[in-house]
Protein chains: 2
Amino acid sequence: MDKILFLLGLIRNADMYGYQINELLDSHFDIIVSITRPTAYRLLNKMTADGWISFREEQIGNRPPRKVFSITPKGEDAFQKILRQSLVNYSPSQQSSAVSLAFLRTLPADELLPLLTERRRLVQELLRKLGEGEQHQGDFHLLFEHQRQHFETELTWTEDMIARVQAESLG
Amino acid sequence: MDKILFLLGLIRNADMYGYQINELLDSHFDIIVSITRPTAYRLLNKMTADGWISFREEQIGNRPPRKVFSITPKGEDAFQKILRQSLVNYSPSQQSSAVSLAFLRTLPADELLPLLTERRRLVQELLRKLGEGEQHQGDFHLLFEHQRQHFETELTWTEDMIARVQAESLG
DNA sequence: GGAGACATGTAAAGGGTTACATGATTTG
DNA sequence: CAAATCATGTAACCCTTTACATGTCTCC
């Protein structure tokens with residue numbers, strides 16, 4: 001449902017064609033929502049079939065024609081409804097990558113430290129990438145801000161963990 | 001892969017049967033990993049087929065017999081491998097419920113406030129539930145601690161948002 | 001004797017990903 | 001003229017969820 005909400009929200013913000021949406025997803029939003037190309041096209045087609053969005057064909061020169069989607073009144077209703085539902089239906093984050101943290105302690109310190117350091121690097125990279133995206137997408141500012149705070153929490157956690165493991169291996 | 005890692009880690013910690021695992025998942029770990037009953041059984045069967053775990057049947061009285069699973073050497077290898085991979089493969093949290101935050105601003109303040117307040121209540125409830133679980137599952141202490149920090153980030157964010165919206169609607 | 005806990009699953013349907021397919025156009 | 005970009009999708013496969021199925025035991 002979150003994928004549909006996001007796509008619908010994008011189109012609601014400004015008319016868009018599939019390729020353009022996929023570009024956006026790949027370049028900036030992959031940090032926040034994971035929607036692959038085929039899924040995006042499938043959902044766009046589904047929403048068209050359901051009458052939530054409609055499209056006009058646009059062609060520039062001899063390029064393959066684009067389907068430029070706009071939201072319909074029915075789609076606007078759906079958007080409003082899903083948005084309200086979704087705001088209240090908070091469910092825990094289910095970070096698949098968090099499960100491994102449960103079993104950290106099975107690894108010896110000398111193996112653990114490089115792994116945690118690499119993990120920290122990844123989080124830092126994501127934070128950097130988030131910063132880039134933030135500048136381009138003023139409309140989605142809140143979403144980026146929210147994600148940033150979670151990344152920062154993750155970074156702090158990882159750094160604390162590294163410090164703890166180091167302290168133990170020295171002591 | 002995280003579901004398998006978790007199940008494998010549970011069994012590695014102590015021999016367990018399916019029902020028991022599902023009870024644990026339902027009562028304490030649903031906040032952290034989402035594995036439904038059928039999925040748990042399927043994965044247990046799959047890991048058995050792959051030789052990662054083995055089971056002995058145990059029967060008490062005339063009750064339906066239990067399959068008590070233990071990890072095999074092959075399973076231990078898999079566990080070690082997946083754990084290392086998974087620690088380093090950090091990927092963004094993909095909270096499905098976060099997407100809606102992008103479109104907060106489409107709602108008028110008088111509708112937004114109750115929704116946000118309800119969302120805050122949900123987060124607080126999850127924090128409380130996490131506290132209960134923490135006492136029972138000392139082995140998974142790190143995982144709970146990690147999740148707690150993300151919940152607290154979420155709570156802070158939500159409270160800030162509520163304050164912001166209130167300030168705006170007053171000013 | 002009925003409700004709820006104990007114990008294991010299957011079936012159907014939906015949703016997502018990876019890899020594949022197609023063809024024109026611009027850029028180096 | 002080759003490579004990347006533009007533009008849209010399909011097919012096969014895998015994974016997950018919801019609902020269904022089955023039967024015993026214990027407690028009230």
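Since we're looking at a predicted model, the values are computed, not measured. Here is how names work: the chains are called A, B, and so on, in the same order as the sequence lines, proteins then strands, and each is numbered from 1.
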For every nucleotide of nucleotides 17-26 of chain C, 5' to 3': is a protein heavy atom under 4.0 Å from its base (B), only from its sugar-phosphate (S), or from neither (-)?
-> BBB---BSSS
In short, side-chain hydrogen bond (donor to acceptor under 3.5 Å, both in side chains) pairs touching residues 100-111 of chain B with sequence neighbours left out are A:Arg84-B:Glu111, B:Arg105-B:Glu168
Nucleotide D:dT17, atom P - distance to CG of B:Leu25 in whole Å = 11 Å
note: A:Leu5, atom CG; C:dG15, atom P; distance rounded to Å ~ 16 Å
Does the side chain of A:Thr153 come under 3.5 Å of the side chain of A:Thr156 through a donor N or O and an acceptor N or O?
-> no
Near DNA chain D, which residues from residues 6-18 of chain B have a heavy atom under 4.0 Å away?
-> none
Is the NZ or CZ atom of A:Arg37 both under 6.0 Å from the centre of the six-membered ring of A:Tyr19 and within 45° of that ring's axis?
-> yes
Is B:Asp50 paired with B:Lys46 through a side-chain N to carboxylate O contact shorter than 4.0 Å?
-> yes
Applying side-chain contact (heavy atoms from CB on, under 4.5 Å) to B:Asp30 and not counting sequence neighbours gives B:Lys129
Ranking C:dG9, D:dG9, C:dG16 by distance to the side chain of B:Lys67, first place goes to C:dG9
Nearest-angstrom distance from the residue atom CD1 of B:Ile4 to C1' of D:dC14 = 12 Å
If only side-chain N and O atoms of A:Tyr41 are considered, is one of them under 4.0 Å from the OP1 or OP2 phosphate oxygen of D:dG9?
-> no
Mind checking A:Glu23 for me? I need base, sugar-phosphate or nothing, with any heavy atom below 4.0 Å counting as a touch.
-> sugar-phosphate
Compare all side-chain heavy atoms of A:Ile31 with those of A:Phe151 and state whether any distance is below 4.5 angstrom.
-> yes
When the distance from CE of B:Met1 to P of D:dC15 is rounded to whole Å, what number comes out?
-> 9 Å
Send over the distance from B:Asn22 CG to C:dT8 P, rounded to a whole Å.
-> 8 Å
B:Leu107 side, atom CG; B:Leu115 side, atom CG - distance, nearest 0.5 Å = 6.5 Å
Between the side chains of B:His146 and A:Glu154, is a donor N or O closer than 3.5 angstrom to an acceptor N or O?
-> yes
Return the angle between end axes of the helix from C:dG1-D:dC28 to C:dG28-D:dC1, with five pairs used per end and rounding to 10°.
-> 30°
Smallest separation among heavy atoms of A:Glu118 and B:Val88, with atom names | CG-CG1, 3.3 Å
A:Lys46 NZ - C:dG15 C1' separation (whole Å) | 11 Å
CZ of A:Phe69 versus P of D:dG9: gap in Å, rounded?
-> 7 Å
Contacts of type side-chain contact (heavy atoms from CB on, under 4.5 Å), residue A:Ser27, not counting sequence neighbours | none
Starting at atom CD1 of A:Ile60, determine the distance to atom C1' of D:dA7, rounded to an integer number of angstrom.
-> 11 Å
Between A:Phe140 and A:Phe6, does the ring centroid distance fall short of 6.0 Å?
-> yes
Pick from A:Glu58, A:Arg56, A:Glu57: which one makes a side chain to side chain contact (heavy atoms under 4.5 Å, CB included) with A:Lys67?
-> A:Glu57
Could you please name the option among C:dG9, C:dA5, D:dG9 that lies closest to any side-chain atom of B:Tyr19?
-> C:dA5
